[in-house]
Participant: 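Before I ask anything, let me first share the structure, which is written out below as C-alpha cells.
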Amino acid sequence: MEHDEHGACRLVGTEDDRRARSAGGLDLAQVPALHCGDLKGRREAAVRLKRLVSLAVNRFELGPIGTNCYVVRGDDSAAEAVVVDPGAEAPRMLEELGALGARCTAILVTHGHWDHLGGVADLAEATGAPVHMAEEERVLLEDVNSFTPPGIELRPYTPDVLLQGDERLELAGISFQILRVPGHSPAHLAYYADGALFSGDLVFAGSVGRTDLPGADWDVLVESIRMLADRFPPETVVYSGHGPKSTLGTELARNPFLAELRA
C-alpha cells in the first residue's frame with residue numbers, strides 16, 4: 001500500500017510501472033513499456049530528443065514522490081535560468097543552480113497540486129524570483145495546507161504574476177508561450193519554448209494525468225492534448241511532471257490512453 005501524489009491509497013504490485021494513474025479505467029500494469037526496448041534504442045532515442053531542443057534543460061526529481069522540477073536556460077553557458085515546478089527541496093535546487101553557474105530569475109508553476117508547490121516559497125524568497133501561476137489556482141498555493149494529504153505541511157506563498165493561459169513571457173532570455181490546458185486541474189498551464197513543452201501532469205510518457213480529482217475532467221483533458229497536437233509539431237519534446245521525457249508524436253502514436261485521438 002502506498003500514498004500517491006494526491007494522498008490516495010492504492011496497492012502496488014510488481015507490475016506497477018509507477019506512472020500516474022488515469023481515470024480512463026486502465027490499470028498501471030496495462031500500460032505498455034516504452035518503445036525503446038533495448039539500451040541501444042534508448043541511447044539513440046535520447047540523442048534524437050536532445051537534438052530537437054536548443055535549450056539547456058536539467059531535470060531533478062524532488063520530494064516524496066519524485067516530482068520533476070526543471071531548470072531551463074537558453075544554453076549551457078547562460079547565467080540566468082527559469083525553474084519550472086520546484087515541488088520540494090529548495091536548498092538542493094539552490095545548490096544545483098550554483099553548480100550550473102546560473103541564478104533563478106523566474107519560477108513557473110504548471111498547476112496547484114501540492115507536489116508541485118512544496119519548494120516554491122523557499123526558492124522564491126532565496127532568489128527573489130517572481131512566481132508565475134494560473135490566477136484561478138492561486139488559492140492552492142496561498143492556502144496550500146488546506147489541500148495537502150495528512151501529515152504533509154508546506155509553506156504558503158502569494159504568487160507574483162497571475163496568468164490566464166494565453167500570454168507570452170520573455171524570461172531569462174527565453175520566449176515562453178503560456179498555454180491553458182485544463183483536464184487534470186481546472187486551470188492547468190503548460191509552457192512552450194523553442195521546441196520544448198513543459199506539460200506538468202497533463203500528459204506523460206505512456207500515460208496521462210489523473211481525472212478522478214476535484215475539478216478534473218477526462219474529456220477536457222483529451223481536448224487539451226488534442227489542442228497541443230494541432231498546434232505544435234510531433235517532434236516537440238514533452239517534459240512532464242513525472243517520469244521521462246517524450247515527444248508529442250510518440251505519445252499520439254503509442255500512448256494507450258490517447259487511442260481516441262488516433263481514431
Side-chain angles (χ1 to χ4, degrees), residues 5-6 55-149 151-163 167 169-176 178 185 187-193 196-201 239-243 245:
E5 67 268 33
H6 304 288
L55 301 175
V57 180
N58 295 86
R59 179 175 73 96
F60 303 93
E61 295 184 8
L62 305 179
I65 61 170
T67 302
N68 286 339
C69 171
Y70 297 99
V71 174
V72 187
R73 293 170 292 155
D75 56 57
D76 286 327
S77 62
E80 295 185 340
V82 173
V83 176
V84 181
D85 283 353
E89 303 178 57
R92 175 188 168 189
M93 291 310 303
L94 290 170
E95 291 180 2
E96 299 289 0
L97 286 161
L100 293 171
R103 65 185 183 89
C104 174
T105 59
I107 296 169
L108 302 180
V109 176
T110 59
H111 63 293
H113 290 160
W114 69 270
D115 60 306
H116 295 254
L117 302 177
V120 168
D122 289 341
L123 186 63
E125 290 183 359
T127 63
V131 175
H132 302 66
M133 74 177 298
E135 181 174 15
E136 293 177 42
E137 297 193 6
R138 63 182 296 175
V139 66
L140 300 178
L141 179 58
E142 293 174 340
D143 188 23
V144 64
N145 291 305
S146 294
F147 306 97
T148 56
I152 293 179
E153 186 169 347
L154 305 176
R155 287 191 61 203
Y157 194 81
T158 299
D160 303 283
V161 181
L162 300 175
L163 302 171
E167 300 89 349
L169 300 176
E170 300 292 329
L171 304 169
I174 305 167
S175 181
F176 286 91
I178 317 305
S185 73
H188 196 300
L189 299 176
Y191 301 94
Y192 174 87
L197 179 70
F198 299 92
S199 68
D201 286 1
Y239 295 95
S240 61
H242 301 273
K245 62 187 175 183

Participant: Out of curiosity, Thr67 OG1 to Asp85 CG, how far, rounded to the nearest 0.5 Å?
Facilitator: 8.0 Å

Participant: Looking at every heavy atom in both Glu89 and Gly63, which two are closest together, and how far apart are they?
Facilitator: OE2-N, 2.7 Å

Participant: Are the side chain of Glu142 and the backbone N or O of Thr158 linked by a donor-acceptor pair below 3.5 Å?
Facilitator: no

Participant: Do Thr127 and Val83 make a side-chain contact, defined as non-hydrogen atoms from C-beta onward lying under 4.5 Å apart?
Facilitator: no

Participant: Is the side chain of Glu167 donor-acceptor paired with the backbone N or O of Ile178 at a distance under 3.5 Å, no angle test?
Facilitator: no

Participant: Would you call the rings of Tyr191 and Phe176 parallel, tilted or perpendicular, where under 30° means parallel and over 60° means perpendicular?
Facilitator: perpendicular

Participant: Looking only at heavy atoms, what is the nearest atom pair of Pro156 and Ala121, with distance?
Facilitator: O-CB, 3.8 Å

Participant: Please verify the inter-ring angle class for Tyr239 with Tyr70; under 30° counts as parallel, over 60° as perpendicular, anything in between as tilted.
Facilitator: perpendicular

Participant: Side-chain contact test, heavy atoms from C-beta onward, threshold under 4.5 Å: evaluate it for Val144 versus Val120 and give yes or no.
Facilitator: no

Participant: Once rounded to the nearest 0.5 Å, what's the spacing between atom CG of Asp201 and atom CG of Asn68?
Facilitator: 9.0 Å

Participant: Checking side chain to side chain contact (heavy atoms under 4.5 Å, CB included) against Pro159, which of Met133, Glu135, His132 comes through?
Facilitator: Met133

Participant: Could you measure the distance from the NZ atom of Lys245 to the CZ atom of Phe198? Nearest 0.5 Å is fine.
Facilitator: 10.0 Å

Participant: Of all the heavy-atom pairs spanning Ala81 and Val71, show the shortest one and how long it is.
Facilitator: CB-CG1, 3.7 Å

Participant: Kindly indicate whether the side chain of Thr110, heavy atoms from C-beta on, has any atom under 4.5 Å from the side chain of Ser199.
Facilitator: no

Participant: Minimum heavy-atom separation for Ala102 and Arg73, please, with both atom names.
Facilitator: CB-CD, 3.8 Å

Participant: NE2 of His188 to NE2 of His113: how many Å apart, nearest 0.5 Å?
Facilitator: 8.0 Å

Participant: Using every non-hydrogen atom in the two residues, find where Leu62 and Gly87 come nearest and quote the distance to one decimal.
Facilitator: CD1-N, 4.1 Å

Participant: Answer yes or no: is there a side-chain heavy-atom contact under 4.5 Å between Leu171 and Leu108?
Facilitator: yes

Participant: Look up atom NE2 in His111 and atom CG in Leu140, then write down how far apart they are to the nearest 0.5 Å.
Facilitator: 9.5 Å

Participant: Over all heavy atoms of both residues, which pair between Arg59 and Gly243 is shortest? Give the atoms and the distance, please.
Facilitator: NH1-O, 3.7 Å

Participant: Tell me whether the centres of the aromatic rings in His242 and His116 are closer together than 6.0 Å.
Facilitator: yes

Participant: Are any of the side-chain nitrogens in Arg103 or Glu80 under 4.0 Å away from the carboxylate oxygens of its partner?
Facilitator: yes

Participant: I need the Arg138 CZ to Asp160 CG distance, nearest 0.5 Å.
Facilitator: 10.0 Å

